Amino acid sequence: MNKTYDHKAAEDRIYKIWEDSGYFHAVPNPDKPPYCIVIPPPNITGQLHMGHALDNTLQDILIRYKRMNGFEALWLPGTDHASIATEAKIVEQMAQEGITKADVGREEFLKRAWKWRGVYGGRIVNQLKKLGSSCDWERERFTMDEGCNRAVIKVFIDLYNKGLVYRGNRIINWCPGCLSALSDIEVEYKEQNSFLWYVRYDAPDKSFSITVATSRPETILGDTAVAVHPDDERYKALVGKEVIIPVVNRAISIVADEYVEMAFGTGAVKITPGHDPNDFEVGQRTGVPAIRVFTDDGHMNENAGEFAGMTLMECREAFVKALEKGGALVKTEPYAHNVGTCYRCGTTVETMISDQWFVKMAPLAKPAIEVVKNGGIQFVPKRFEKTYFNWMENIRDWCISRQLWWGHRIPAYYCDNCGEITVRDTMPPKCPKCGHAGLRQDEDVLDTWFSSGMWPFSTLGYPDDTEELRYFYPTSMLVTGYDIIFFWVARMIVFGMEVMGKHPFDTVFVHGIVRDALGRKMSKSLGNGIDPLEVIEKHGADSLRFSLITGNAPGSDMRFFWEKVESAGNFCNKIYNAARFVLMNIGEEANPDGTNCGEANPNETNPDETNYVINPALFGLTDKWILHKLNGVIDEVTTNLDAFDLGLAAQKVYDFIWSAFCDWYIEMAKPRLYGENAAEKAHVRAVLRYVLIQSLKLLHPFMPFISEELYRHIPGAKETIMLAGWPERDDAYAFDAETDQMEQLMELIRAIRNMRAEMNVPPAKRIALLLMPQPGYEKIFSESAIYLNRLAGVEKVHICTDKAVIPQNAVSIVSPAAEAFAPLDQLMDIEKERERVEKEIVRVQSEIARAKGKLKNTGFMQKAPAGVVQDEKNKLQQNEEMLQKLFERKENLG
RNA sequence: GGGCGCAUAGCUCAGUCGGUUAGAGCACCUGCCUUACAAGCAGGGGGUCAUAGGUUCGAGUCCUACUGCGCCCACCA
């Protein structure tokens, strides 16, 4: 084995083995509990970015954990057709050839789109594999595949028949860039600096006038009323009267509506029901008509008279000039307001009246709210439930038709003869109402999110009643960023409750956004994105995964740092070398015949492991300590994973492997390992092997590649670590007393090391040590000479009880369980020694003061748990004993 | 306007049920190429846990207020 770990050589090879073996495949199995995660389907246009990397790392950790834990764990992968995004790409590609959608027509366009999907749709799938994702690729789905298509069409029809999907002429958001309607959440509001124009509308006979304020003067062309508040004394008398729109010279009436804020502007509002959602509602209430003055592609239409054909901005400029010229512009003031933009293309979104399909949300939202309220679905972290409720409780109808070609075509058929609309899965041969033949299908497609909302059941077989659907639905877990709770999670819950009558998943695990090192969102326009594939190439998928999940709280944003990935890479190397060390002692190289690794154990369940038997009769202090600690880390990691504290869990594994196993156990195993006692050697090898195996298993969900790679090198290991079973605590290895003793020994070793550093004892210099253990620690310390030798450079340990034998130029080491003296001869520096002792006295004294204060407090003594009080007492006693020794020492120094 | 989050070491962040002397990584200082690992080892410095109150025997942790950032929703034209 090399001295350093080579992720490049290992990762692709290991993934190939996994894929070929079928370990990721899950089938309904009545003997096992199901566990299922459906992947948030990445867009076929997409390339793996840090958001995917994080999202899929979390899912893979959970799936691998559950798989090892005996669940039939299905991670169901797939991709999303991404209607708008993909169509934009195809249009762009065609533009390079100099052709447009209209040139090729619908059929040809769709051919191109499917072809495009064939070429690029698999790209992100391969990138997910690079990350180590253990998806069941045999079950890969696509939102526009045959099954998903059937699900979408059926749900649309069923909802239509229930009156929950309807067609209506209503105010919608229109993106002039995408040339399509958008739903409300597809509009992002951004603040822009603009102006507020005050415009005067005169009475036909000039007997009075009323001034309104507007941020969008071009919409004056579509004005059909001026509204005032019914209680506004200033305008009460004017309600019902007419005014003339300046420039346009059209008469409109003054209406009263409570929507108007008296305090804002002039307290009078121009009403443009055709292009403003609030005005639309005022129009509905007051019976004022709507006039559309914009075209679909962002120009003024024929209703704009002399301004027709201009873009909206050109019109604004021209119209303001005309107002000025006509003397109707009262004043202009700077004004910052929010402008809606398309979340896909960034174009300013226009609101306009249009014939579209909608989902009636209020009745559907009810059960979707209820199921979260009563705990049927839990959000982790819980605070996101509030976000969800807030949105759901104020839900508005969802515009689902898109004026695009790439997507699920709306199964509605129009009769041009009688106007009847027929909604069914295939084209009716003739109109069911009037018998007219030659119906016309709706040209539009459905919002992408309409189909992804069915993902948890459409992928499991719906509308068919499949075994998978019965076994895996409701799914267990949905992992996603908080930014798509509305887009996706809410819709899935709505459809799950409506279509399946059951919640689609038990838990929603919400994570944050991966930002750049400066805390900015990664974006194409900023060019600050980090390519996960580059990170994997440089440091390995394991390192990337580990860096993404450690050191941040669930649900909060994080920053990407190369240093963090590097440090995870260092951890890989650490594990690799620890394993290499163990394998050098137990592996084929060390024991070609496999016979000298321990006695056969007849009770061993895995016959392959019989050569590596831990022999309790040979337990030393360090063995008991590491096994006890192993129990602890198994408990903690399991608890953390069950509570979805993945970062904490990973940290625990890291600390155990590095700080306990590598820093202490391996070092302390060496004397016995290199000793002469064959039985003892075999036993230590067995412990090393056991702890290594358990560590790798604990590590596997987080760092699947290196844990699998190393595991497979271990003699007697199973075929794959994925089938090795999640570690469980072994109560035979509960050693509280020995763990305490070991920790005291570690404390002493640290104290000696500290002394050596402070007294400038050269590392190579071996020292002698006169050791006086506290009662109860005599045996342990007298047996620990090998450890003091190896870890603290102590050549010879003399256990003694009489201080008279201590030479003058020895330094003292005071630790809670022992006092020690190291004769340093010419290295002895009395002044330094005095400083050390005095420093230590100050520290211990403050500790004593603190403990005494606590113990004097009657409230503490009465109310604190007995264990806490006892700990405090023990500490105090220990410190008082130490203090006494320190004082004696100081005395002796003169 | 409504809601949410954050503030802890020079930097980026953890901190589970309120309970030892508040931790990690990186950075910094000192010393080591010790035969698993220099991508390493050992030792060290560095904190009034934003501020002010409160609850409690005990608060980084719970409550209230306040300050400063950030985000989401709503849209007073």
Side-chain angles (χ1 to χ4, degrees), chain A residues 1 3-5 185 189 196-197 212-216 219 227 259-266 268-272 276-279 335 337-338 340 381 383-384 386-387 389-391 394 482-483 485-486 512-513 517 519 547 550-553 555-559 561 563-564 566-585 636 639-640 643 645 647-648 651 654-655 662-663 666-667 670 674 750 753-758 760-764 790-793 843 846-847 850-851 854 857-865 867-869 871-872 874-875:
Chain A
M1 285 173 87
K3 271 179 94 170
T4 53
Y5 174 59
I185 47 172
Y189 290 91
L196 204 51
W197 287 271
V212 302
T214 180
S215 61
R216 309 198 56 202
T219 65
Y259 148 75
V260 180
E261 291 284 332
M262 288 186 268
F264 187 88
T266 61
V269 194
K270 61 185 227 46
I271 297 298
T272 319
D276 182 281
N278 290 311
D279 292 6
Y335 185 64
H337 68 142
N338 287 331
R383 69 183 128 96
F384 289 107
K386 243 181 178 168
T387 313
F389 289 138
N390 185 49
W391 192 68
N394 298 295
Y482 59 70
D483 48 337
I485 290 176
F486 303 148
I513 287 171
S547 72
T550 47
N552 58 274
S556 53
D557 291 354
M558 70 194 72
R559 301 189 189 191
F561 291 100
E563 294 82 0
K564 214 169 152 189
E566 279 159 25
S567 123
N570 292 349
F571 179 47
C572 286
N573 202 45
K574 190 71 184 178
I575 302 156
Y576 174 84
N577 274 291
R580 192 163 67 97
F581 173 79
V582 175
L583 290 171
M584 273 164 33
N585 285 285
E636 287 182 308
T639 304
N640 287 153
D645 285 322
L648 284 182
Q651 192 63 48
Y654 179 99
D655 288 341
C662 292
D663 286 353
I666 287 182
E667 289 309 315
K670 285 174 182 173
Y674 301 150
R750 286 195 197 98
R753 286 168 170 173
N754 175 286
M755 177 280 290
R756 294 182 63 118
E758 288 190 356
N760 298 320
V761 180
R790 178 152 200 108
L791 301 181
R843 190 186 66 82
S846 82
E847 270 310 298
R850 195 192 52 79
K854 267 195 154 174
N857 185 328
T858 52
F860 178 76
M861 297 303 286
Q862 280 165 14
K863 294 184 182 170
V868 174
V869 176
D871 284 352
E872 211 58 56
N874 294 345
K875 251 182 305 178

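Chain letters run A, B, ... following the sequence lines, proteins first and then strands; every chain starts at 1. The shown structure was predicted, so the numbers you read here are calculated from the model rather than taken from an experiment.
- Within 3.5 Å, no donor on the side chain of A:K3 pairs with an acceptor on the base of B:C37, nor the reverse.
- Both A:T387 and A:M861 sit near RNA chain B, but only A:M861 has its closest nucleotide nearer the 5' end.
- Mapping A:R790 and A:G569 onto RNA chain B by nearest heavy atom places A:R790 closer to the 5' end of the strand.
- Under 3.5 Å, the side chain of A:N640 and the base of B:U16 form at least one donor-acceptor pair of N or O atoms.
- Judged as a side chain to side chain contact (heavy atoms under 4.5 Å, CB included), and not counting sequence neighbours, the contacts of A:M861 are A:L855, A:V869, A:K873.
- One N or O on the side chain of A:K564 and one on the backbone of A:T550 form a donor-acceptor pair closer than 3.5 Å.
- The base of B:C37 lies outside donor-acceptor range of the side chain of A:N573, with no N or O pair under 3.5 Å.
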Give the intermediate values and the outcome of side-chain contact (heavy atoms from CB on, under 4.5 Å) for residues A:D279 and A:I271.
CA-CA 5 Å; A:D279 292 6; A:I271 297 298; 3.8 Å; yes

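- Applying the 3.5 Å distance criterion, the base of B:A42 shares no donor-acceptor pair with the side chain of A:E667.
- Listed by chain and residue number, A:W391 satisfy the ring pair (Phe, Tyr, Trp, His ring centres under 6.0 Å) test with A:F486 (two or more places apart in sequence, or in another chain).
- Counting any heavy atom pair closer than 4.0 Å across all strands shown, A:D663 reaches sugar-phosphate atoms only and no base atom.
- At least one side-chain nitrogen or oxygen of A:K670 sits closer than 4.0 Å to the OP1 or OP2 atom of B:A36.
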